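As the structure lists them, so they are numbered: ligands from 1, and atoms in each ligand from 1. The shown structure was predicted, so the numbers you read here are calculated from the model rather than taken from an experiment.
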Amino acid sequence: MRCRKCGEKAAINMRQHKLALCAPHFLEWIPEQTERFIEKYHMFTSKEKILVAVSGGKNSLSLWDVLNRLGYNADGLYIGLGIDGGIAYSAKSQHLAESFAEAHGLHLLVHDVTQHEGASMPAAARLTQRGRGKPCSLCGVTKRHIMNSTALEGKYDVLATGHNLDDEAAILFGNTLNWSVGYLARQAPVLPASEDGLVRKAKPFCRLYERETAAYALLRGIEYIYEECPHAEGSTSIYHKELLNRMEADRPGVKLSFYLAFLRAKEMGTFAEGARSELNALRTCPRCGQPTTVPGLCTFCRTWESIRERQAGHDRND
Ligand code: AMP
Ligand code: FES
Ligand code: ZN
Ligand code: ZN
């Protein structure tokens, strides 16, 4: 296989694009594509302040690298979840995020959940009923809350995450299976800020395959954590990704067309009613001031309050 641009030996063949590229041309192609998506979906401009949520994985570190190379003004945010799982998952990923920041002269904010919220994610999950001890759903709520509050406090214009096409297609697949119209209405490459305190959110890699972001990290020499979160094993989203990959193997491009056809359907207003009713249902949490769909305290504040109460109970019993 030869590079389409220079005829040298190709480093990657992307069947879904009918495009093979050598390493140097692939390393140019990824930032070009990213820039194109940033502009197409009006994600942000080079004058704006960007906060990239960096997990230490291939997607978010590659995204930070690409935004930096494209000349965007992007700081990083690492959220320490206190997950060990026998592989020092959080410690290792934090180290990789910090090393990347240092090597590139970039600014990384670190928010440690054990320090700020009072318990590591696994310890907190054991203290709640949510997910029957699995930390993933509490972890999702907590990460979203911290990303939003950190972006607001630091006066960032936009929060960027490393979600790639495989993530987006799997989320879309799950939402479609359940016909979660509200979630479908809010799934987009960019979500505008809301007046009631949600910062703008952008996913500049939403049209790149995971295979492409992984190849970018490898060819660029970015050191990232290879392991998935140890709690992710057996999750529905991984199952959906596997199903989609099986389809992709038979029909290259099916993941991309599934996602792009959804975006086109949305442009035609297919989910407009769902979006309106979602927005109308938003209230403000009396504790943290962030918008929420539930009455009273938001899920973040309610759950962490009960975790602290149970923790205090445990301490008294000790
Ligand atoms: P995930 O939910 O693990 O698939 O991650 C999706 C995106 O959320 C990543 O690409 C990151 O941008 C962000 N993210 C996940 N975990 C963290 C973390 N611990 N700290 C900061 N950002 C994170
Ligand atoms: Fe949060 Fe796995 S439980 S990343
Ligand atoms: Zn080439
Ligand atoms: Zn709250």
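Within the 3.5 Å criterion, the main-chain N or O of I83 finds a donor-acceptor partner in the side chain of S90. Not one N or O on the side chain of S180 forms a donor-acceptor pair closer than 3.5 Å with the backbone of Y183. When atom types are taken as modelled, the side chain of S306 and the backbone of T303 share a donor-acceptor pair closer than 3.5 angstrom.
Protein atoms of type N/O/S that fall under 2.8 Å from atom 2 (Fe) of ligand 2 number 1 in this view.
Checking K255 against N245 by side-chain atom types alone, a donor-acceptor pair falls below 3.5 Å.
Contact shell of ligand 1 (protein heavy atoms, cutoff 4.0 Å): A53, V54, S55, S60, L77, Y78, I79, L81, K143, M147, T161, G162, H163.
The residue from N175, L177, T176 that alone fulfils the side chain to side chain contact (heavy atoms under 4.5 Å, CB included) condition with F173 is L177. The side-chain hydrogen bond (donor to acceptor under 3.5 Å, both in side chains) test with Y78 is passed by exactly one of S55, S93, S60: S93.
Below the 2.8 Å limit, the Zn ion (ligand 4) has as protein N, O or S neighbours C285 SG, C288 SG, C298 SG, C301 SG.
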For residues 9-31, which side-chain N or O atoms pair as donor and acceptor with protein atoms under 3.5 Å away, sequence neighbours left out?
unit_1: R15; atom_1: NH2; unit_2: A249; atom_2: O; d: 3.1
unit_1: Q16; atom_1: NE2; unit_2: E212; atom_2: OE2; d: 2.5
unit_1: H17; atom_1: NE2; unit_2: E212; atom_2: OE2; d: 3.3

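A heavy-atom distance below 4.5 Å is not found between the side chains of L218 and K58.
The number of heavy atoms from other shown groups lying within 6.0 Å of CE (M247) is above 12.
Judged by the shortest distance from any of its heavy atoms, K134 lies outside the 4.0 Å radius around the atoms of ligand 2.
Separation of atoms CG (D166) and CZ (R211) is listed at 10.5 Å; rounding is to 0.5 Å.
A continuous path of ILVMFWY side-chain contacts below 4.5 Å connects L243 to V254, so both sit in one hydrophobic cluster. A continuous path of Ile, Leu, Val, Met, Phe, Trp and Tyr side chains, each step under 4.5 Å between heavy atoms, connects L208 with I222, placing both in one hydrophobic cluster. Both L70 and F100 belong to a common hydrophobic cluster when Ile, Leu, Val, Met, Phe, Trp and Tyr are linked at side-chain heavy-atom distances under 4.5 angstrom.
Near K143, meaning under 4.0 Å from any of its heavy atoms, are these atoms of ligand 2: 4 (S).
The aromatic rings of F44 and Y72 sit perpendicular to each other, their planes meeting at more than 60°, with 30° as the lower class boundary.
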